[in-house]
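Notes follow the structure.
Atoms within a ligand are numbered from 1 in the order they appear, just like the ligands themselves.
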Amino acid sequence: MLLLAVDFGNTTLKAALFENEKLLEVRYSLSIIDLEDWINQIKNNFSKNLEGIIISSVRKNEEIEHSFIENLKKKIKLIIKLNSDSKKIATDSKVISVVVLDENTPLPIQNNYKTPKTLGKDRLAAVIGAYFLEKETTKQPTLVIDAGTCITFDFIDTKESKGIYEGGSISLGLNMRFKALNHFTAKLPLFESNENLPNPMGKSTQEAMQSGVQFGLMSEIKGIIDFYQNQIKSTDNKELDSKLNIVVCGGDALILKKWWEEYVINFTNTTHNYTKWIIEPNLVLIGLQRIFQFIKNNEDN
Ligand SMILES: Nc1ncnc2c1ncn2[C@@H]1O[C@H](COP(=O)(O)OP(=O)(O)O)[C@@H](O)[C@H]1O
Ligand SMILES: CC(C)(COP(=O)(O)O)[C@@H](O)C(=O)NCCC(=O)O
Ligand SMILES: [K+]
C-alpha cells in the first residue's frame, strides 16, 4: 500500500511517496499542478493502490483544503475520505484516506504545546519524524532545527520510552534576515550570505551584514543547543545518557551545518563536545508517514 506525504511550507511544496516506512521517491519545489500530475501518475502507473494522502500545511487553510482536495476529487477523480468526517482510515481499496494534520489528529507522541491549534503542523511532523527516525535506536531527547523560510527549534523529550513534545522557538530564516535588513533601512543593500562563516569583525558594509546574519545565527544556535543540553542534564541524573540528539532539516540545512562546523572549531570552547548534526532533508515527510502509520495501527488493534 502506498502513501503520499505532502508538506506545504511557506516557500516550497514537497512530497514523498512511501511504501510503509520505505521512502520510494521524493519531489521538491513542486507546484500544485505538478503535485496533482504526480498523484495521477501514481494512481495510474502503480500496481499497488494509493491508500492515503497525509498533508501538513502552514499556508492559509482554504488554499489546501478547498482548492487542492476539491481538485483531487474532480480532476483526478479520486474517491476521498476526509479525516474531518472521521478519524478512521478507509478500508475500501478504492477509497483514498486524506488526513490533513490538525489539532485533532491522533499522535504517536504526547504534545505539551499549549496552543495545539496554532502550532505549525510542519514542526509537529518534524519532531515526530526525528523521534521515530530509526526504529531500533533508543529514543533520546532531541532538538530539531528546521531551517526553511523561518528557522524553528523544537524539543522532544523522552520519558518512560514515550516521546513528549515540549515546544521550542520560531526565529527568522536565513533569507528573511537579509531581506529584513534591506527592507527596514534606507541604506542597507540586499546581500546574500557568504559561502564561508565570516569573521565576526566585519570591515565593510557587506561583511558587517554577513557577520550579523551568519555569525549571529551561529551564536543563536549555540545558545539554544546549550540551553537544551543543560536542560536534559538537570532533569536526568544519568550523565552518560544525557546527550542531546540534533536533527536538522529545511532548505538551508546543509549550509548551516557547514558554518556550524567552522563555528565550533573556531569560536567555541574546544573541551565541549558538541553532538554531530544529523541532516535529514525529508524529516517532515517522514514524520507524516509515521503519523499515518500510527493512526492505521491503532485502528487495527
Ligand atoms: N533550490 C532551492 N529552492 C528553494 N529554496 C532553497 C533552495 N535551496 C536553498 N533554499 C533555501 O531554503 C529555504 C526554503 O526552505 P524550505 O525548507 O523549503 O522552506 P519552507 O518549508 O518554509 O517552505 C529558502 O528560504 C532558501 O533560503
Ligand atoms: C513557524 C512557521 C511559520 C515555520 O514555517 P516554515 O518556515 O516551515 O515555512 C510555521 O510552523 C507556522 O506557521 N507556525 C505557526 C505558529 C506556531 O507554530 O506556533
Ligand atoms: K521552518
Inset, instruction - Indicate yes or no: does an N/O atom of Gly120 lie under 3.5 Å from an N/O atom of ligand 2? - result: yes
Legend entry - Plane angle bin for Tyr228 and Phe155 - parallel if under 30°, tilted between 30 and 60°, otherwise perpendicular: parallel
Legend entry - Residue and atom name of the nearest protein heavy atom (relative to atom 15 (C) of ligand 2), distance in Å to one decimal: Thr118 O, 3.2 Å
Inset, instruction - Identify, with sequence neighbours excluded, every residue that meets side chain to side chain contact (heavy atoms under 4.5 Å, CB included) alongside Ile76. - result: Glu36, Ile39, Asn40, Lys43, Leu72, Leu78
Inset, instruction - Would you kindly specify which portion of Thr149 sits under 4.0 Å from ligand 2, judged on non-hydrogen atoms: side chain, backbone, both or neither? - result: both
Legend entry - Carboxylate-amine/guanidinium proximity below 4.0 Å for Lys296 and Glu299: no
Inset, instruction - State whether the side chain of Arg27 and the backbone N or O of Lys14 hold a donor-acceptor pair below 3.5 Å, judged by distance alone. - result: no
Legend entry - Atoms of ligand 2, numbered as shown, that sit under 4.0 Å from any heavy atom of Thr152: 1 (C)
Legend entry - Thr11 side-chain N/O to Thr149 backbone N/O, donor-acceptor pair under 3.5 Å: no
Legend entry - At the K ion (ligand 3): angle between Cys150 atom O and Asp146 atom O, to 10 degrees: 60°
Inset, instruction - Please write down residue, atom name and distance for the protein heavy atom closest to atom 13 (O) of ligand 2. - result: Val58 CB, 4.0 Å
Inset, instruction - Can you pull out the closest protein heavy atom to atom 8 (O) of ligand 2? Residue, atom name and distance to 0.1 Å, please. - result: Asp122 OD2, 2.5 Å
Legend entry - ILVMFWY network linking Val95 to Val98, side-chain heavy atoms under 4.5 angstrom: no
Inset, instruction - Give the residue and atom name of whichever protein heavy atom lies nearest to atom 7 (O) of ligand 2, and the separation in Å to one decimal. - result: Cys150 N, 2.9 Å
Inset, instruction - Start with the C-alpha gap between Asn49 and Lys94, add the side-chain angles, then the distance that decides, and say whether side-chain hydrogen bond (donor to acceptor under 3.5 Å, both in side chains) holds. - result: CA-CA 8 Å; Asn49 283 327; Lys94 287 199 192 72; over 6 Å; no
Legend entry - Protein residue, atom and distance nearest to atom 5 (O) of ligand 2, heavy-atom basis: Asn10 ND2, 3.3 Å
Legend entry - Parallel, tilted or perpendicular, as decided by the 30° and 60° cut-offs, for the rings of Trp260 and Trp277: parallel
Inset, instruction - Consider only side-chain heavy atoms of I, L, V, M, F, W and Y, link residues closer than 4.5 Å, and tell whether Leu3 and Val26 are in one cluster. - result: yes
Inset, instruction - Please test Gln140 against Lys243 for side-chain hydrogen bond (donor to acceptor under 3.5 Å, both in side chains), starting from the C-alpha separation and ending with a verdict. - result: CA-CA 8 Å; Gln140 280 170 278; Lys243 202 128 188 89; over 6 Å; no
Legend entry - atom 19 (O) of ligand 2: nearest protein contact (heavy atom, Å): Tyr113 OH, 2.6 Å
Legend entry - Check: Phe294 ring centroid to Phe132 ring centroid under 6.0 Å: no
Inset, instruction - Show the protein residues that qualify under the rule heavy atom under 4.0 Å from an atom of ligand 1, listing them in chain and number order. - result: Gly9, Asn10, Thr11, Thr12, Lys14, Gly148, Thr149, Asn175, Gly250, Gly251, Asp252
